[in-house]
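This report refers to the structure that appears directly beneath it.
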Protein chains: 2
Amino acid sequence: MANNTDGQTKRTSTFREKMIFAEQYCAKNDLQFTPVRRKVLELLLKSDRALGAYELLDLLREVGFKPQPPVAYRALEFLIKYGFAHKVEHLNAFVACIHPGKEHSPAFMICRSCDSVSEMDTLRSDSMLAENLISQGFKVEEAVIEARGLCEACADVEVK
Amino acid sequence: MANNTDGQTKRTSTFREKMIFAEQYCAKNDLQFTPVRRKVLELLLKSDRALGAYELLDLLREVGFKPQPPVAYRALEFLIKYGFAHKVEHLNAFVACIHPGKEHSPAFMICRSCDSVSEMDTLRSDSMLAENLISQGFKVEEAVIEARGLCEACADVEVK
DNA sequence: GATAAGATGTTATATCGTAACATCCTATAG
DNA sequence: CTATAGGATGTTACGATATAACATCTTATC
Ligand SMILES: [Zn+2]
Ligand SMILES: [Zn+2]
Ligand SMILES: [Zn+2]
Ligand SMILES: [Zn+2]
């Protein structure tokens, strides 16, 4: 989680930074960062797994909302549209973006053992892929890359 | 479709080759290439779009089968397991593989205008991606790449 | 306080996918 | 020629994911 001495602090800090960024981005662009939208983003940021829409609905109910499915889907639609979250197609589930505000197509690493989902740090995959496909006559506008396998921690455990 | 003088012939030929390959592969490996499985593969091969499971069910009914959903899903499961077809996650739909028998993770180009789905010719994307992610400590076992954009034909039309 | 735009509440339903169990079909063994 | 076992299919019933459509509320602006 962190390469400083206190994982929790590091994580909380990152979480706060992301929430503040979303706050400011919305203010700047006349977008309403409403309670449901804020809470859904919070829940996604706090999870290291991708969360399904109905899972989010349950979590929202636990904190006092009484939402029907469209509420979750609309919040997710907003977060995805403005780059705060992504959908992981292979899981029909959703994650917070690790670098919101930067134009990019996401690439995910999904661990089959612990179900963790992490977004690639680099944005290189975009250009790699685009160049490759353009040579085949296809004009890429958006791409989804989802790799399944073992995360570092789970690979270490499986050393047998 | 073809760079010979008769697109239909070329396509039919490819279609036949793929069916014969499946036939022989199943015979060699003690797999049953049953009527439903054969028909589903035929339908996928003849389509340039990805087909949903319920769409396949309708098509099967048109040719005399009377299948319930599990029938289609089981045929697809078989075809995917042995490399004759892939699922396009972004569409919740299925396509025939263009190079069955070769171990690979598929990469798709999905046209937003005509809905055509084509699989990448090369298998390079596999190694590209794996190398990239391994450097981040993730061991890729399988990957899904789905690019959305414009196919060559539709890009030409949109020249405005 | 009227108006309009956007957000949310609510119902109902569409779409995608699977668990579970019955039945059939085809080997190969006794 | 049964028996029995495995794989394939038929069938019912449901679970999980997602959206259409319309009512209501909130907020900002005029
Ligand atoms: Zn991202
Ligand atoms: Zn893991
Ligand atoms: Zn393929
Ligand atoms: Zn096209």
Side-chain angles (χ1 to χ4, degrees), chain A residues 22-23 25-41 43-44 49-61 63-82 84-95 115 117 144 146, chain B residues 22-23 25-41 43-44 49-61 63-82 84-95 115 117 144 146:
Chain A
E23 195 91 53
Y25 181 93
C26 289
K28 246 179 286 186
N29 294 274
D30 272 322
L31 305 172
Q32 301 183 42
F33 197 44
T34 62
V36 194
R37 292 170 178 178
R38 174 190 309 273
K39 192 70 209 176
V40 170
L41 181 54
L43 290 167
L44 292 178
R49 289 185 309 109
L51 297 176
Y54 281 73
E55 232 173 325
L56 281 165
L57 283 167
D58 288 342
L59 293 169
L60 287 172
R61 288 194 187 103
V63 294
F65 294 84
K66 305 199 166 30
Q68 295 300 311
V71 172
Y73 283 102
R74 287 192 291 230
L76 289 165
E77 182 185 30
F78 173 88
L79 294 174
I80 290 169
K81 177 169 181 185
Y82 294 106
F84 303 120
H86 300 293
K87 176 170 185 182
V88 183
E89 299 288 348
H90 185 69
L91 303 175
N92 292 321
F94 305 85
V95 294
D115 288 325
V117 173
V144 170
E146 299 180 359
Chain B
E23 196 92 53
Y25 181 93
C26 289
K28 245 180 287 188
N29 294 275
D30 271 322
L31 305 172
Q32 301 182 42
F33 197 44
T34 61
V36 194
R37 291 169 179 178
R38 175 190 309 273
K39 192 69 208 176
V40 170
L41 181 54
L43 290 166
L44 293 178
R49 290 185 308 109
L51 297 176
Y54 280 71
E55 232 174 325
L56 282 165
L57 283 168
D58 288 341
L59 294 169
L60 287 172
R61 288 193 188 104
V63 294
F65 294 84
K66 305 201 167 31
Q68 295 299 313
V71 172
Y73 282 102
R74 287 192 292 228
L76 289 165
E77 183 185 28
F78 173 88
L79 295 173
I80 290 169
K81 177 171 180 184
Y82 294 106
F84 303 120
H86 300 293
K87 176 170 185 183
V88 183
E89 299 289 347
H90 185 68
L91 303 174
N92 292 322
F94 304 85
V95 293
D115 287 326
V117 172
V144 169
E146 299 179 358

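Chain letters run A, B, ... following the sequence lines, proteins first and then strands; every chain starts at 1.
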- Between residues 26-35 of chain A and DNA chain D, which residues have a heavy-atom gap below 4.0 Å? none

- Task: Under the side chain to side chain contact (heavy atoms under 4.5 Å, CB included) rule, what do B/Asp115 and B/Leu91 come out as? Steps first, then yes or no, please.
- Result: CA-CA 10 Å; B/Asp115 287 326; B/Leu91 303 174; over 6 Å; no

- Task: Check whether any side-chain heavy atom of B/Val40 sits under 4.5 Å from a side-chain heavy atom of B/Leu51, and report yes or no.
- Result: no

- Could you tell me how the ring of B/Tyr73 sits relative to the ring of B/Phe94: parallel (under 30°), tilted (30 to 60°) or perpendicular (over 60°)? perpendicular

- Start with the C-alpha gap between B/Glu89 and A/Asn92, add the side-chain angles, then the distance that decides, and say whether side chain to side chain contact (heavy atoms under 4.5 Å, CB included) holds. CA-CA 9 Å; B/Glu89 299 289 347; A/Asn92 292 321; over 6 Å; no

- Query: Is any side-chain heavy atom of A/Cys26 less than 4.5 Å from a side-chain heavy atom of A/Gln32?
  - Reply: no

- Query: How many angstroms lie between CG in A/Leu41 and OH in A/Tyr82, if you round to the nearest 0.5 Å?
  - Reply: 15.0 Å

- Which of these, A/Val71, A/Val36, A/Leu43, sits in a side-chain contact (heavy atoms from CB on, under 4.5 Å) with A/Leu56? A/Leu43

- So do A/Leu57 and A/Gln68 actually touch side chain to side chain, heavy atoms under 4.5 Å? no

- Item | Segment of DNA chain D, first to last nucleotide, that comes within the 4.0 Å heavy-atom reach of chain A | D/dT17 to D/dA21

- Value rounded to 0.5 Å, distance of OH in B/Tyr25 from CZ in B/Phe33: 12.5 Å

Please list, pair by pair, any protein nitrogen or oxygen found under 3.5 Å from a nitrogen or oxygen in nucleotides 10-17 of chain C.
{"from": "C/dG17", "atom 1": "OP1", "to": "B/Lys87", "atom 2": "NZ", "distance (Å)": "2.4"}
{"from": "C/dG17", "atom 1": "OP2", "to": "B/Tyr73", "atom 2": "OH", "distance (Å)": "3.0"}
{"from": "C/dG17", "atom 1": "O5'", "to": "B/Tyr73", "atom 2": "OH", "distance (Å)": "3.4"}
{"from": "C/dG17", "atom 1": "N7", "to": "B/Tyr54", "atom 2": "OH", "distance (Å)": "2.7"}
{"from": "C/dG17", "atom 1": "O6", "to": "B/Tyr54", "atom 2": "OH", "distance (Å)": "3.2"}

- Message: Could you tell me if the side chain of A/Val144 sits less than 4.5 Å from the side chain of B/Val144, heavy atoms only?
- Response: no

